[in-house]
Amino acid sequence: MLPRRRIRRFRKTTKTAKSTRTKPRTLLPALALAVAATAATPTAALATDTASQGVSSGWNDYSCKPSAQHPRPVVLVHGTLGNSVDNWLGFAPYLVKRGYCVFSLDYGQLPAVPFFHGLGAVDQSAKQLSTHVDRVLAATGAAKVDMVGHSQGGMMPRYYLKFLGGAPKVNALVGIAPTNHGTTLSGLTKLLDYFPGVGDLIAKGAPGLMDQVVGSDFLRRLNEGGDTVPGVRYTVIATKYDEVATPYRAQFLSGPNVKNVVIQDLCATDISEHLAIGLTDGLAFHEAVNALDPDHATPTTCASDD
C-alpha cells in the first residue's frame with residue numbers, strides 16, 4: 001500500500017495530465033474566436049445606440065442627398081466581430097467631412113450576441129446587405145452606391161454582386177484588408193486538421209468564421225469562374241503586416257477594372273496591421289477616397305495621413 005503522501009501526489013499528477021489532454025479540445029474554438037476578434041474594434045461598448053450615434057456623427061442620415069460632386073452614397077460594410085458604428089468611427093467622419101452621404105449597416109448577427117456581428121453565414125449576410133442597399137437608394141434617389149468594406153466586409157459584397165443581382169446597383173467596391181480568398185489566420189487554421197469535428201462545431205455556432213477559412217465551400221463557390229463581375233470597379237487596399245487576413249496577397253483580386261494596392265508601396269514606414277488599416281490609417285482612407293473618386297485622385301504618400 002502506498003503512503004498517503006504518495007497517493008495525494010499521484011492523484012494530483014493524474015488530474016494535471018487529464019487537464020492537459022483535454023485542453024486542445026476546447027482550445028481551438030476559443031482560439032479561432034479570439035484571433036478573429038482582432039478584426040473587431042476595441043470600442044464595441046460604444047454601440048449602444050447605432051442609429052443615433054451615426055446621425056450625430058453625420059452618417060446614417062437618411063435625409064442626406066448626394067451632391068453633384070459626389071453623386072453616389074457610400075455604404076460601409078464592417079468586418080467580422082465589428083458593427084456599423086465601431087468599425088467606422090474613423091473613416092465615416094472622414095468621408096462626411098469631404099461631402100459624401102455615408103451609410104453603414106449591421107449584418108451577420110447571432111442571437112444573444114450584441115455588438116459583435118459578422119458571425120452569421122456570409123451568404124445570408126449578403127442578403128442583409130441587399131436590403132440595406134435598396135433602402136439607401138430609395139432614400140437618396142441615387143442610381144448606384146459605392147461600397148467600402150473592411151475584412152469580411154470587403155469580401156461579402158462580392159457575393160451580393162455575383163449572386164444577388166447587386167452589380168447594376170454598385171459602381172465601385174473598395175476592400176480594406178478583405179478576406180477575398182480566405183485566411184489562414186497566420187497559420188492557425190491548419191490546426192483544424194488535427195482536431196476532427198472542431199471545424200463543424202465552429203461552423204454551427206458561427207458559420208461566418210468558417211466561411212472565411214482558405215478552401216471553404218463558400219469561397220470556392222464565390223471565386224469560381226472569376227473574381228469580378230462586369231460593370232463594377234474593384235480596389236483592394238492591403239498591408240503586408242496583416243496578421244488576420246493571411247497571406248496578405250490572398251486579398252488581391254484578378255480581373256478587369258481591378259486595382260490592388262499594398263499600403264507600404266505608398267509609404268514604406270506605414271506599419272498598420274489588419275485592425276489599424278481599417279480603423280485609423282489615414283493613408284488607407286486617402287487611397288479609398290481616390291478609388292471612390294478617381295477623376296480627382298491625388299497621390300497617396302506618407303504625408304497623406306490627415
Side-chain angles (χ1 to χ4, degrees), residues 26-54 57 59-60 75-92 102-129 131-132 147-157 159-160 175-179 182-186 188-189 192 198-213 216 218-219 242-246 272-281:
T26 57
L27 174 62
L28 193 59
L31 189 59
L33 288 169
V35 175
T38 61
T41 71
T43 52
L46 296 176
T48 54
D49 189 341
T50 296
S52 64
Q53 288 193 45
S57 300
W59 87 92
N60 285 333
V75 173
L76 303 179
V77 191
H78 66 74
T80 306
L81 292 173
N83 62 60
S84 61
V85 173
D86 292 354
N87 214 135
W88 304 115
L89 289 172
F91 189 52
V102 182
F103 302 88
S104 59
L105 78 155
D106 289 311
Y107 71 85
Q109 301 94 326
L110 294 181
V113 182
F115 311 135
F116 301 103
H117 305 318
L119 295 171
V122 178
D123 58 351
Q124 297 304 307
S125 294
K127 293 179 180 179
Q128 293 179 272
L129 175 62
T131 299
H132 183 74
M147 290 185 181
V148 180
H150 178 220
S151 194
Q152 180 186 167
M155 173 273 290
M156 179 268 281
Y159 189 93
Y160 164 64
I176 301 175
T179 52
T183 177
T184 67
L185 285 174
S186 296
L188 288 175
T189 60
L192 292 169
V198 170
D200 292 338
L201 289 174
I202 298 174
K204 184 176 180 180
L209 296 180
M210 292 304 296
D211 280 348
Q212 295 178 81
V213 173
S216 72
F218 171 82
L219 287 169
D242 203 310
E243 77 286 19
V244 174
T246 58
S272 291
E273 40 64 68
H274 186 81
L275 192 64
I277 195 174
L279 304 185
T280 62
D281 194 316

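The minimum heavy-atom distance between Leu275 and His150, with the atom names listed, is O-CE1, 4.3 Å. For the pair Pro178 and Ala245, the tightest heavy-atom approach, listed with the atom from each and the gap, is O-CB, 4.2 Å. Here the closest heavy-atom approach between residue Phe116 and residue Leu81 is recorded as CD2-O, 3.4 Å. Shown here for Pro207 and Gly120, the closest heavy-atom pair between the two residues is CG-C, 3.9 Å. Closest non-hydrogen pair, Trp88 versus Val77, comes out as CZ2-O, 3.2 Å. Annotation for Ile277 and Ala177: closest pair CG2-CB, 4.0 Å, computed over non-hydrogen atoms.
Interatomic distance, Met156 CE to Tyr107 OH, rounded to the nearest 0.5 Å: 4.5 Å. Expressed to the nearest 0.5 Å, how far CH2 of Trp59 lies from CG of Leu76 amounts to 8.5 Å.
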Evaluate Thr131 against Leu105 for side chain to side chain contact (heavy atoms under 4.5 Å, CB included), listing each step before the verdict. CA-CA 10 Å; Thr131 299; Leu105 78 155; over 6 Å; no
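The main-chain N or O of Thr183 is never found under 3.5 Å from a side-chain atom of Thr246 such that the two would form a donor-acceptor pair.
Residues Thr80 and Leu119 have side chains in contact (heavy-atom distance under 4.5 Å, counting atoms from C-beta outward). Contact annotation: the side chain of His132 never approaches that of Tyr160 to less than 4.5 Å [non-hydrogen atoms, C-beta and beyond]. Residues Gln152 and His78 form no side-chain contact, since every pair of their non-hydrogen atoms from C-beta on lies 4.5 Å or further apart. Proximity of Leu89 to Leu279: side-chain heavy atoms (C-beta onward) are nowhere separated by under 4.5 Å. The shortest side-chain heavy-atom distance between Leu219 and Thr179 does not fall under the 4.5 Å cut-off. In this structure the side chain of Val244 reaches within 4.5 angstrom of the side chain of Leu185, judged on heavy atoms.
Between the side chains of Ser216 and Asp211, no donor N or O sits under 3.5 Å from an acceptor N or O.
Exactly one of Asn87, Asn60, Asp86, Asn83 qualifies for a side chain to side chain donor-acceptor pair (under 3.5 Å) with Ser104. That residue is Asn60.
For the side chain to side chain donor-acceptor pair (under 3.5 Å) condition, the pairs that include at least one residue of residues 109-122, sequence neighbours left out, are Gln109-Gln128.
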